[in-house]
Amino acid sequence: MQYFAKPLRRVTLPVLLAIGLAGCLGVPDGVEPVKGFEIDRYMGKWYEIARLDHRFERGLSNVTAQYSMRDDGGVRVINRGFKTAKGKWDEAEGKAYFVDDPTVGMLKVSFFGPFYGAYNVIALDKEDYQWSLVAGPDTDYLWILSREPQLDKAIFDKLVALAASLGFDTDELIIVDQAQDPES
């Protein structure tokens, strides 16, 4: 019996890891990524208007995401925010790829080597690409993004109401301070 233990462990760990990671690439129940998504129009700078709390963004203000195309067809992601407690900027570079159809706003993003998480665009200003609502694999992850540091209150309220109707705990949203650049 001991003879089979090591080979089984070599197979079991990667299989379990793959199953666990696959769960990180889903869409929250009852939520659909936008169709008719145009990645070229999504490129550029986005300001984080609101988010649900997570340790990787805790204490950050002036958060932005910069998207540009990679040579391999993926998307280069630069997330940047000001860590008020430390008085300095934090920056993370990642990469994103479509999970399937490039006209559906369902991507996988990685900031940590081979580990990917879901990036689902679930609402979007399809006319001008000025705002978006992004979810992770479940209702614990939510971001409201805008091309400008401030978002019109009526649009913000509409996005919050939509998120609430989809099961996100919008009472826990953190409004991101997008005040003037802390370094200026």
Side-chain angles (χ1 to χ4, degrees), residues 21-68 74-82 92 94-111 116-179:
L21 290 176
C24 295
L25 296 180
V27 180
D29 290 338
V31 176
E32 293 284 327
V34 297
K35 293 177 176 52
F37 185 75
E38 298 175 51
I39 193 66
D40 292 340
R41 295 183 67 199
Y42 203 78
M43 295 295 98
K45 188 174 190 174
W46 289 87
Y47 294 86
E48 187 178 273
I49 303 302
R51 66 172 179 260
L52 290 177
D53 187 35
H54 287 283
R55 65 171 179 74
F56 54 87
E57 285 190 282
R58 197 160 290 142
L60 293 180
S61 65
N62 298 293
V63 179
T64 60
Q66 181 77 35
Y67 303 105
S68 59
V75 176
R76 180 177 184 228
V77 181
I78 304 288
N79 285 347
R80 187 171 193 252
F82 191 75
K95 56 189 174 185
Y97 299 93
F98 283 98
V99 172
D100 192 18
D101 183 346
T103 66
V104 176
M106 184 177 186
L107 295 95
K108 60 182 184 176
V109 64
S110 174
F111 291 94
Y116 284 86
Y119 185 100
N120 298 300
V121 181
I122 61 172
L124 177 66
D125 169 18
K126 286 188 177 179
E127 187 174 321
D128 297 316
Y129 277 64
Q130 292 300 299
W131 52 260
S132 69
L133 184 63
V134 177
D138 56 42
T139 57
D140 291 336
Y141 298 88
L142 183 71
W143 295 268
I144 296 175
L145 305 178
S146 172
R147 293 292 189 176
E148 300 294 328
Q150 307 300 319
L151 184 62
D152 179 80
K153 184 172 177 3
I155 294 170
F156 178 82
D157 290 346
K158 179 179 99 169
L159 293 173
V160 170
L162 173 61
S165 76
L166 294 171
F168 292 89
D169 186 358
T170 57
D171 290 338
E172 295 298 318
L173 278 174
I174 294 169
I175 306 303
V176 179
D177 180 4
Q178 288 289 357

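Everything numeric in this text was worked out from a predicted model, so none of it was measured. The first residue in the sequence is number 1, and the count goes up from there.
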For Y67 and Y42, take the angle between the two ring planes, folded into 0 to 90°, and tell me which bin it lands in: parallel under 30, tilted 30 to 60, perpendicular over 60.
tilted
In terms of heavy-atom contacts, A118 and P137 come closest through CB-N, 3.6 Å
Measuring only between side-chain heavy atoms, which start at C-beta, is V134 closer than 4.5 Å to W46?
no
So T64 and E48, do their side chains get closer than 4.5 Å, heavy atoms only?
no
Return the orientation label for the Y129 and F37 ring planes: parallel under 30°, perpendicular over 60°, tilted otherwise.
tilted
Separation of L25 CG from L107 CG (nearest 0.5 Å)
10.5 Å
So with a 6.0 Å cut-off around CZ of R147, is the heavy-atom count from everything else above 12?
yes
Here's a test for you: under side-chain contact (heavy atoms from CB on, under 4.5 Å), which of N62, L60, D177, V63 qualifies with F82?
N62
Are the side chains of W131 and I144 in contact, using a 4.5 Å heavy-atom criterion?
no
Quick check: do S132 and L124 have side-chain heavy atoms less than 4.5 Å from each other?
yes
Between the CG atom in L151 and the NZ atom in K158, the distance rounded to the nearest 0.5 Å is 10.0 Å
For K126 and E38, indicate whether the former's side chain and the latter's backbone hold a donor-acceptor pair under 3.5 Å.
no
Output, in order, the C-alpha distance, side-chain angles, deciding distance and verdict of side chain to side chain contact (heavy atoms under 4.5 Å, CB included) for K95 and Y116.
CA-CA 9 Å; K95 56 189 174 185; Y116 284 86; 3.3 Å; yes
Counting only heavy atoms not in D128, do more than 12 fall under 6.0 Å of its CG?
yes
Determine whether F98 and I39 make a side-chain contact, defined as any pair of heavy atoms from C-beta on separated by less than 4.5 Å.
yes
Is the count of non-hydrogen atoms from other residues, nucleotides or ligands lying under 6.0 Å from D53 atom CG greater than 12?
yes
Restricting to non-hydrogen atoms, name the atom on M106 and the atom on P33 that form the minimum distance, rounded to 0.1 Å.
CB-CG, 3.9 Å
Stepwise side chain to side chain contact (heavy atoms under 4.5 Å, CB included) check, L162 with L133:
CA-CA 9 Å; L162 173 61; L133 184 63; 4.0 Å; yes
Check: R41 side chain, E127 main-chain N or O, donor-acceptor pair, under 3.5 Å
yes
Check the pair E32, V104 against side chain to side chain contact (heavy atoms under 4.5 Å, CB included), reporting the backbone distance first and the verdict last.
CA-CA 9 Å; E32 293 284 327; V104 176; over 6 Å; no
How long is the gap from CG on N120 to CD1 on I122, to the nearest 0.5 Å?
7.5 Å
Side chain to side chain contact (heavy atoms under 4.5 Å, CB included) between N79 and F56, intermediate numbers included
CA-CA 11 Å; N79 285 347; F56 54 87; over 6 Å; no
Given L159, I49, L52, the one that forms side-chain contact (heavy atoms from CB on, under 4.5 Å) with L173:
L52
